[in-house]
> 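Got a structure here, written out as structure tokens. Questions coming.
Fair warning: this is a prediction, and the values are worked out from it, not measured in the lab.
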Amino acid sequence: MEQRHLGRTGLRVSRIGLGTLTWGRGTDEHDAADMLKVFWEAGGTLVDTADVYGDGEAEYLLGRLMDGLVPRRDLVVSTKAGSVPDPDRRFDGSRGHLLAALDASLARLGTDHVDVWHVHAYDPYTPLEETLQVLDLAVSSGRALYAGVSNFCGWQLAKAATWQLAAPGTRTRLASTQMEYSLLQRGVEREVLPAALDLGIGLLPSSPLGRGVLTGKYRGGTPSDSRGGSEQLAPFVEPYLDDTASRIVDAVSTAADGLAVTPLQVALAWVRDRPGVAAPVVGARTAQQLTAALSVEALSLPDEICRALDDVSAPVHRYPDHDWSTL
């Protein structure tokens with residue numbers, strides 16, 4: 001699998017990442033082991049997790065598999081901290097919480113460092129400089145090699161990255177930002193992606209298949225064994241089952257038919273090759289699904305197909321995001 005630099009850093013990652021959102025919850029150790037082995041054998045390196053996935057079970061499971069199945073040195077392990085199970089405060093970016101969360105992640109993973117450590121979301125109740133200082137401490141102490149953020153909007157990302165760049169050699173630059181991005185969700189193109197490109201931050205798209213909808217599996221209804229058929233995850237899928245999404249899915253399927261490939265491959269290739277993208281993070285339920293996603297490695301979409309998909313999925317960008325001078 002082709003490797004790409006993560007933002008403006010020396011770290012290289014596989015251009016498809018493996019997500020572990022369901023590990024320890026809907027994905028058991030056997031299925032996780034099968035997926036990790038398939039991913040590793042295909043040349044995949046980037047494995048993404050978080051301290052809240054499966055209430056810590058995803059990290060624990062990944063740690064067990066790194067110990068006995070795949071060499072730790074062959075993987076780029078990314079994890080996140082900052083989300084908390086508190087209805088009154090969903091995110092905690094304080095120094096005490098983040099440092100304790102990092103140490104707990106390392107213990108579950110069974111490693112002395114993670115390759116990339118992300119703040120899971122912006123915390124409006126903690127000064128941003130305090131949160132960012134924790135990233136500096138994590139890197140300077142060797143517990144993380146690189147640092148990034150997740151779910152920061154445009155101004156938050158630009159402020160954080162600029163703060164880090166203001167003291168080179170003292171503060172660690174942001175390597176990456178993880179955001180949802182797909183043909184069904186192009187909101188990052190407004191301000192997040194331009195900021196990331198300007199500041200040298202690699203984008204790691206989550207849900208690159210539109211929460212599974214872009215595979216076309218929902219065109220004829222909701223399969224009982226799908227996320228949309230799950231009581232827990234149905235609300236996660238439902239926003240992408242409207243008429244607008246249906247038109248985009250139809251276009252993806254038409255393109256797939258013309259190229260003699262699958263809708264999954266078309267949708268994943270589109271987001272993988274967007275400017276600024278380092279590696280879409282794919283969350284499969286089985287090794288078979290993951291193998292289907294990894295088959296995109298040999299596919300590059302023709303320019304005319306990309307333009308057609310761009311047009312049918314184009315978000316509305318008005319003042320002041322784009323072309324304000326023509327209004």
Side-chain angles (χ1 to χ4, degrees), residues 2-17 19 45-50 76-83 91 93 98 102 113-123 128-140 143-182 185-208 270-282 315 317 321-322:
E2 182 181 320
Q3 306 288 304
R4 292 173 172 171
H5 284 278
L6 186 60
R8 207 168 292 157
T9 74
L11 179 64
R12 288 165 61 83
V13 299
S14 55
R15 63 177 182 167
I16 296 292
T45 61
L46 177 65
V47 182
D48 179 75
T49 188
V76 176
V77 177
S78 163
T79 194
K80 300 179 282 293
S83 291
F91 310 114
L98 289 178
L102 176 57
H113 74 278
V114 291
D115 298 283
V116 190
W117 189 46
H118 291 93
V119 176
H120 210 154
Y122 182 83
D123 175 13
L128 182 59
E129 57 269 29
E130 178 181 333
T131 298
L132 295 173
Q133 186 185 43
V134 182
L135 298 182
D136 301 334
L137 290 169
V139 172
S140 64
R143 286 177 279 181
L145 302 185
Y146 295 88
V149 296
S150 176
N151 298 308
F152 276 39
C153 71
W155 73 263
Q156 293 164 352
L157 177 65
K159 181 178 180 180
T162 303
W163 177 268
Q164 293 303 95
L165 291 171
T170 303
R171 300 173 192 156
T172 183
R173 71 177 301 142
L174 297 184
S176 53
T177 181
Q178 189 169 132
M179 301 287 291
E180 183 170 352
Y181 186 28
S182 73
Q185 180 51 271
R186 295 177 61 181
V188 297
E189 293 177 4
R190 269 197 177 96
E191 292 190 342
V192 173
L193 192 51
L197 284 165
D198 184 69
L199 293 160
I201 299 168
L203 180 64
L204 300 174
S206 59
S207 295
W270 181 89
V271 71
R272 180 199 64 195
D273 295 334
R274 299 293 287 178
V277 169
V281 176
V282 176
H317 284 169
D321 298 319
H322 290 276

> Which of these passes side chain to side chain contact (heavy atoms under 4.5 Å, CB included) with T172: L132, L137, D136?
D136

> Side chains of L174 and L135: does their closest heavy-atom pair fall under 4.5 Å?
yes

> Between A138 and L102, what is the shortest heavy-atom contact and its length?
CB-CD2, 3.6 Å

> Test side-chain contact (heavy atoms from CB on, under 4.5 Å) on Y122 and V149; report intermediate values, then the result.
CA-CA 8 Å; Y122 182 83; V149 296; over 6 Å; no

> Mind checking the OG1-CZ spacing from T162 to R173? Nearest 0.5 Å is all I need.
10.5 Å

> Let me see the working for L145 and L11 under side-chain contact (heavy atoms from CB on, under 4.5 Å), right down to the final yes or no.
CA-CA 9 Å; L145 302 185; L11 179 64; over 6 Å; no

> Which value, rounded to the nearest 0.5 Å, describes the distance between Q164 atom CD and E129 atom CD?
10.5 Å

> So, for E180 and V188, which heavy atoms are closest and what is the spacing to 0.1 Å?
O-CG1, 3.6 Å

> Which pair of non-hydrogen atoms, one from G154 and one from V192, has the smallest distance, and what is that distance?
N-CG2, 3.5 Å

> We want to know whether H118 and S150 form a side-chain donor-acceptor pair, criterion being a heavy-atom distance below 3.5 angstrom.
no

> When the side chains of residues 196-205 are checked against the rest of the protein, which donor-acceptor pairs come out under 3.5 Å, sequence neighbours left out?
none

> For T79 and A50, work out which heavy atoms get closest and say how close.
OG1-CA, 3.3 Å

> Tell me whether the guanidinium CZ or amine NZ of R171 lies under 6.0 angstrom from the six-membered ring centre of W163 and within 45° of its axis.
yes

> How far apart are the closest heavy atoms of A121 and F152, and which atoms are they?
C-CE1, 3.5 Å

> Using the rule given for side-chain contact (heavy atoms from CB on, under 4.5 Å), can you reason through Y146 versus T9, listing the C-alpha separation, both sets of side-chain angles and the distance that settles it, and then say yes or no?
CA-CA 9 Å; Y146 295 88; T9 74; 3.7 Å; yes

> I'd like to know if the side chain of K80 and the backbone of W117 have a donor-acceptor N/O pair within less than 3.5 Å.
no

> Mind listing the closest non-hydrogen atom pair of Q156 and C153 along with its distance?
OE1-N, 3.0 Å

> For the atom pair CD (Q133) and CG (L98), what is the distance rounded to the nearest 0.5 Å?
11.5 Å

> Output, in order, the C-alpha distance, side-chain angles, deciding distance and verdict of side-chain contact (heavy atoms from CB on, under 4.5 Å) for H5 and R12.
CA-CA 4 Å; H5 284 278; R12 288 165 61 83; 3.6 Å; yes

> With rounding to the nearest 0.5 Å, note down the distance linking CZ in F91 to NE2 in H120.
7.5 Å

> Treating S78 as the side-chain partner and D48 as the backbone partner, does any N or O pair qualify as donor plus acceptor under 3.5 Å?
no

> Tell me if a side-chain donor or acceptor on S182 pairs with a main-chain N or O of Q185 at a distance below 3.5 Å.
yes

> Report all side-chain donor-acceptor pairs from residues 270-281 shorter than 3.5 Å, counting only partners two or more places apart or in another chain.
residue	atom	partner	partner atom	Å
W270	NE1	D310	OD1	2.8
R272	NH1	V296	O	2.9
R272	NH2	L299	O	2.6
D273	OD1	R4	NH2	3.0
R274	NE	Y181	OH	3.2
R274	NH1	D310	OD1	3.1
R274	NH1	D310	OD2	3.4
R274	NH2	E189	OE2	3.2

